[in-house]
Amino acid sequence: MPDTPDDARLTLAIASEPGDRITGTLLAAVGATETLRLITSDTPLPGVVDPVEGGIWRGRLAPRLPAAGGVDRVREHTDRLGLCLLTPGAAGWPEGLSDLGVLAPLALWAKGDIGVLTSSLGSRVTIVGARAATGYGEHVATEFATDLAGLPRVVVSGGAYGIDGAAHGAALTTRPGSTIAVLAGGLDRNYPAGHQELLSRVAESGAVLSELSPGAAPTRWRFLQRGRLLAAISAATIVVEAGYRSGSLHTAAEAHALGRPVGAVPGPITSAASAGCHRLLHEKIATVISSASDIAALTAPPAPPDAPARTAPAASPLAWTL
């Protein structure tokens, strides 16, 4: 059994899958040390957890608990790779993640400029979209990220091919641009492999981030759960291009559930690559985005309550055509 609450939390982070609701619920109720003890104990679980679900949770996590010395090995591996291990409340923990409640990450591994992670929530914008992006989508992502980085805003994305890569690349070539890549696997392996150089550059002027310990491989579930981090870490999420069932829509839904504004870029009605954006707009989850100024408006602070009321309606931008 780990000696300290920090070691207990790290053990839970290694054993649990991202977004494990039961782990998070118990952690909030009884703390890391007791949550870890309950995995292998016959003690009834607290009433905050359904007994049947709790039994499944124990059966799932018990075989995954690291062997004696496992936490020490992870810490050594973390240091050897030049990574920084972050926990809630510690320096570098990004603002906004606590809004996830019991689904918040248990720990984070980061590489690069940790100061980027301490920027305000309002200074960060998430840009996501299709991996198999069209030229139109990559052009729009590049324009948006370039303009946002120059404001300056920190551009957040997932490091993938397509829209993600275009957004990261544009932010890196803009001064004083900065960007954060959130990955779905351990930071000992940049994924996708074709973005090794790009992600290395991100770590040089921004940060690469993951809730998975070194050695953890990306999986479908981990990609899906990464969406909640992409949504929570920024003031707004923008979907540039996405198919009707794209994983980017999950990120948008997570942002919407958190009360964060969501924007979507419309495309040709004949383009399957924009069907997901049109779906978000149709379902009123997102607002139309056509420029970086639209994105900046989404993250602007609300007007003060004593602002004078408008006394006459604004002129219609289409009035000249009537």
Side-chain angles (χ1 to χ4, degrees), residues 1-81 83-88 90 93 97 100-111 158 182-193 208-229 247 250 254:
M1 183 69 64
D3 296 330
T4 68
D6 280 350
D7 281 350
R9 173 180 283 272
L10 182 54
T11 302
L12 290 169
I14 298 167
S16 300
E17 281 295 314
D20 189 318
R21 182 181 297 275
I22 295 180
T23 299
T25 298
L26 289 172
L27 189 64
V30 300
T33 301
E34 179 64 8
T35 298
L36 182 58
R37 188 190 69 82
L38 286 170
I39 294 175
T40 55
S41 169
D42 294 331
T43 306
L45 295 174
V48 292
V49 173
D50 177 81
V52 174
E53 292 183 350
I56 295 172
W57 171 79
R58 278 173 159 160
R60 184 175 67 247
L61 263 65
R64 302 180 64 174
L65 290 177
V71 170
D72 289 338
R73 284 197 298 272
V74 169
R75 288 190 186 278
E76 290 169 4
H77 197 185
T78 297
D79 292 341
R80 189 166 60 251
L81 293 168
L83 308 179
C84 182
L85 178 59
L86 307 174
T87 53
W93 189 261
L97 292 181
L100 291 169
V102 298
L103 300 182
L106 305 182
L108 293 171
W109 281 261
K111 185 173 185 178
V182 184
L183 305 189
L187 298 189
D188 55 330
R189 57 176 91 184
N190 284 338
Y191 186 91
V208 182
L209 195 64
S210 178
E211 64 182 313
L212 279 304
S213 62
T219 65
R220 178 178 174 81
W221 173 258
R222 291 168 180 176
F223 276 116
L224 196 64
Q225 288 302 307
R226 179 187 58 175
R228 79 193 199 289
L229 303 189
H250 175 74
E254 292 280 2

Point to revise | Closest approach of Leu212 to Trp109 (non-hydrogen atoms, all atoms of both residues) | key: O-CE3, 3.5 Å

Practice item. May I ask you to check whether over 12 heavy atoms, not counting those of Arg189, lie within 6.0 Å of atom CZ? Key: yes

Review point. Distance-only, no hydrogens or angles: does the Thr4 side chain make a donor-acceptor pair with backbone N or O of Asp7 under 3.5 Å?
Key: yes

Practice item. Could you verify whether a donor N or O on one side chain and an acceptor N or O on the other, from Thr23 and Trp57, lie under 3.5 Å apart? Key: yes

Practice item. Might you work through the salt bridge (Lys or Arg N to Asp or Glu O under 4.0 Å) test for Glu34 and Arg37, ending with a clear yes or no? Key: CA-CA 5 Å; Glu34 179 64 8; Arg37 188 190 69 82; 2.7 Å; yes

Exercise for review: Drop me the distance from Leu187's CG to Thr78's OG1, to the nearest 0.5 angstrom.
Suggested key: 9.0 Å

Study note, to complete from the structure: Interatomic distance, CZ@Arg58 vs OG@Ser41, rounded to 0.5 Å, equals 5.5 Å

Review point. If you round to the nearest 0.5 Å, how far is CD of Glu53 from CZ of Arg60?
Key: 9.5 Å

Check your understanding: When you look at Leu83 and Asp188, which way does the side-chain contact (heavy atoms from CB on, under 4.5 Å) test go after all the steps?
Key -> CA-CA 9 Å; Leu83 308 179; Asp188 55 330; over 6 Å; no

Practice item. Would you indicate whether the side-chain heavy atoms of Arg75 and Leu85 approach each other to under 4.5 Å? Key: yes

Exercise for review: Kindly give the heavy-atom pair with the smallest separation between Leu81 and Pro214, and that separation in Å.
Suggested key: CD1-CB, 3.9 Å

Practice item. Could you check if a side-chain atom of Arg9 sits within less than 4.5 angstrom of a side-chain atom of Pro88, using non-hydrogen atoms only? Key: yes

Point to revise | Minimum heavy-atom distance Leu183-Gly158, with the two atoms named | key: CD2-O, 3.8 Å

Check your understanding: Checking Thr35 side chain against Leu26 main chain: does a donor-acceptor pair fall under 3.5 Å?
Key -> yes

Review point. Do you know which two heavy atoms are closest between Ile22 and Gly54, and how far apart they sit?
Key: CD1-N, 4.2 Å

**Study point:** From Lys111 atom NZ to Asn190 atom CG, the distance as rounded to the nearest 0.5 Å
**Key:** 7.0 Å

Point to revise | Contact check, side chains of Thr43 and Leu38, non-hydrogen atoms, under 4.5 Å | key: yes

Practice item. Please report the C-alpha distance between Leu12 and Ile39 in whole Å, then the side-chain angles of each, then the deciding distance to 0.1 Å, and finally whether the side-chain contact (heavy atoms from CB on, under 4.5 Å) criterion is met. Key: CA-CA 10 Å; Leu12 290 169; Ile39 294 175; 3.7 Å; yes

Check your understanding: Which heavy-atom pair separates Ala15 from Leu61 by the least distance, and what is that distance?
Key -> O-CG, 4.2 Å

Point to revise | Those residues that, when tested against Glu211, pass side-chain contact (heavy atoms from CB on, under 4.5 Å) (two or more places apart) | key: Pro18, Pro105, Leu108, Arg228, Leu229

Practice item. Kindly indicate, with the supporting measurements, whether the criterion side-chain contact (heavy atoms from CB on, under 4.5 Å) is fulfilled by Ile14 and Leu10. Key: CA-CA 6 Å; Ile14 298 167; Leu10 182 54; 4.1 Å; yes

**Study point:** Rounded distance (nearest 0.5 Å) linking atom CD of Glu254 with atom CZ of Arg226
**Key:** 12.5 Å

Practice item. Over all heavy atoms of both residues, which pair between Ala107 and Ala13 is shortest? Give the atoms and the distance, please. Key: CB-CB, 4.1 Å

